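Start at 1 with the first residue, then count along the sequence. Not measured: the values here are computed from a predicted model.
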Amino acid sequence: RGELGEELISVTTEIRTKFATARSPLGYGPPGGETDDGTYDYRRRLEEIGSLDPEFARLRGLRARQNALVGSTSTDDAIAVIFEARGKLISALLSRIRDIRGETRFGASTERDIERSERNDATIWQGYKENGDPIDDILDPAIAEIERAMVPLIRLEALR
């Protein structure tokens with residue numbers, strides 16, 4: 001169980017770090033000479049999230065092991081939140097890409113489109129809003145809960 005705790009904390013910390021990188025407010029233009037319809041930076045961020053697939057596969061396996069060996073519902077719920085955060089970020093990125101491509105074809109946006117774009121930007125860009133962050137506000141407590149539940153198991157095994 002201690003080894004499971006170590007792996008779970010390691011994977012979730014790695015995912016958290018890569019989420020922060022993918023959500024960095026620093027943007028990038030396309031590599032030399034490549035044309036850009038304004039979506040390059042969003043597509044690059046999607047690729048960064050996609051590169052987390054192996055970590056999420058490991059997390060899925062660790063979730064099953066945690067349920068079998070420890071059975072902590074709060075840890076299971078926290079892991080579910082991490083998957084939810086990934087889904088929200090992917091959805092916001094895809095929506096933003098569709099919005100940009102739609103703006104170039106259809107012109108002006110409606111008030112509802114602007115509100116959706118603001119929500120997407122808040123999800124995509126870390127620190128976009130002064131009072132809360134739709135990803136960090138759910139991800140940080142989830143990872144803290146995993147650590148709270150797993151550290152005692154790690155320590156218990158270390159004492160053996």
Side-chain angles (χ1 to χ4, degrees), residues 4-63 66 72-104 106 108-151 154:
L4 167 67
E6 288 174 359
E7 284 184 63
L8 199 47
I9 290 171
S10 174
V11 168
T12 56
T13 302
E14 190 172 334
I15 287 171
R16 177 69 180 98
T17 301
K18 288 185 178 179
F19 259 70
T21 300
R23 296 184 67 229
S24 169
L26 298 174
Y28 297 92
E34 186 178 316
T35 58
D36 182 19
D37 61 357
T39 63
Y40 173 80
D41 195 44
Y42 297 103
R43 289 182 287 120
R44 181 190 61 80
R45 290 168 194 279
L46 268 175
E47 287 176 13
E48 286 182 23
I49 296 300
S51 75
L52 283 169
D53 286 351
E55 285 85 356
F56 275 97
R58 273 184 61 205
L59 183 58
R60 192 172 291 109
L62 291 170
R63 184 181 191 183
Q66 186 282 142
S72 168
T73 56
S74 64
T75 301
D76 187 58
D77 292 345
I79 293 170
V81 166
I82 296 169
F83 280 97
E84 177 187 336
R86 179 178 69 161
K88 284 182 176 187
L89 184 53
I90 290 170
S91 177
L93 286 163
L94 290 171
S95 179
R96 199 64 191 104
I97 290 168
R98 280 191 307 271
D99 287 348
I100 291 169
R101 289 181 175 159
E103 288 168 6
T104 59
F106 304 115
S109 300
T110 66
E111 188 66 32
R112 194 173 110 200
D113 293 338
I114 293 168
E115 289 173 11
R116 183 183 65 245
S117 179
E118 283 288 316
R119 278 193 315 274
N120 288 336
D121 284 345
T123 301
I124 294 166
W125 307 107
Q126 189 172 36
Y128 183 80
K129 294 175 87 176
E130 289 180 21
N131 57 347
D133 183 295
I135 298 294
D136 289 347
D137 289 352
I138 63 171
L139 207 53
D140 291 342
I143 292 172
E145 176 55 33
I146 290 168
E147 290 173 354
R148 186 203 62 72
M150 294 296 120
V151 167
I154 296 166

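Qualifying ring-ring contact (aromatic ring centres under 6.0 Å, His included) partners for Y42, counting only residues two or more places apart in sequence or in other chains: W125.
Between atom OG1 of residue T39 and atom CZ of residue R101 there is a gap of 4.0 Å, rounded to the nearest 0.5 Å. In this structure, R43 CZ and L94 CG are separated by 12.0 Å, a value rounded to the nearest 0.5 Å. Rounding to the nearest 0.5 Å places CG of L52 at 12.5 Å from CD of E47. Distance check: I90 CD1 to I49 CD1 gives 6.5 Å after rounding to the nearest 0.5 Å. Annotation: the span from I146 atom CD1 to L8 atom CG amounts to 5.0 Å, rounded to 0.5 Å. Taken from CD in Q66 to CG in L4, the straight-line distance is 6.5 Å, to the nearest 0.5 Å.
Contact of the E84 side chain with the I79 side chain is not registered, since no non-hydrogen atoms from C-beta on lie closer than 4.5 Å. Taking 4.5 Å as the limit, every side-chain heavy atom of R44 sits out of range of all side-chain heavy atoms of P30. Looking at K88 and P134, their side chains never come closer than 4.5 Å, going by heavy atoms from C-beta outward. Two residues are said to be in side-chain contact when any heavy atoms from C-beta on lie closer than 4.5 Å; I9 and I143 fail this criterion.
Judged purely by atom type and a 3.5 angstrom limit, S24 has no side-chain atom pairing as donor or acceptor with the backbone of A20.
Shortest non-hydrogen contact noted between G27 and D41 is CA-OD2, 3.5 Å. Residues I100 and D37 approach most closely at CG2-O, 3.4 Å, considering heavy atoms. Closest approach of L89 and I124 over heavy atoms only: CD1-CA, 3.8 Å. The minimum heavy-atom distance between A149 and S72, with the atom names listed, is CB-OG, 4.4 Å. Of all non-hydrogen atoms in I135 and D133, the two that sit nearest each other are N-OD1, 2.9 Å. Residue R45 comes nearest to R23 through the heavy atom pair NH1-C, 3.7 Å, listed as atom of the first residue, atom of the second, then distance.
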Exercise. List the steps, then state whether salt bridge (Lys or Arg N to Asp or Glu O under 4.0 Å) holds for R112 with E115.
Key: CA-CA 5 Å; R112 194 173 110 200; E115 289 173 11; over 6 Å; no

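Screening residues 5-15 for side chain to side chain donor-acceptor pair (under 3.5 Å), with sequence neighbours left out, gives E7-R65.
Inspection of the N120 and S95 side chains reveals an N or O donor paired with an N or O acceptor under 3.5 Å. Using modelled atom types, one finds a donor on one side chain and an acceptor on the other under 3.5 Å when comparing Q126 with D136.
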Indicate every side-chain donor-acceptor pair of residues 53-61 with a distance under 3.5 Å to a residue at least two apart or in another chain.
{"residue": "D53", "atom": "OD1", "partner": "R86", "partner atom": "NH1", "Å": "3.4"}
{"residue": "E55", "atom": "OE2", "partner": "K18", "partner atom": "NZ", "Å": "3.0"}

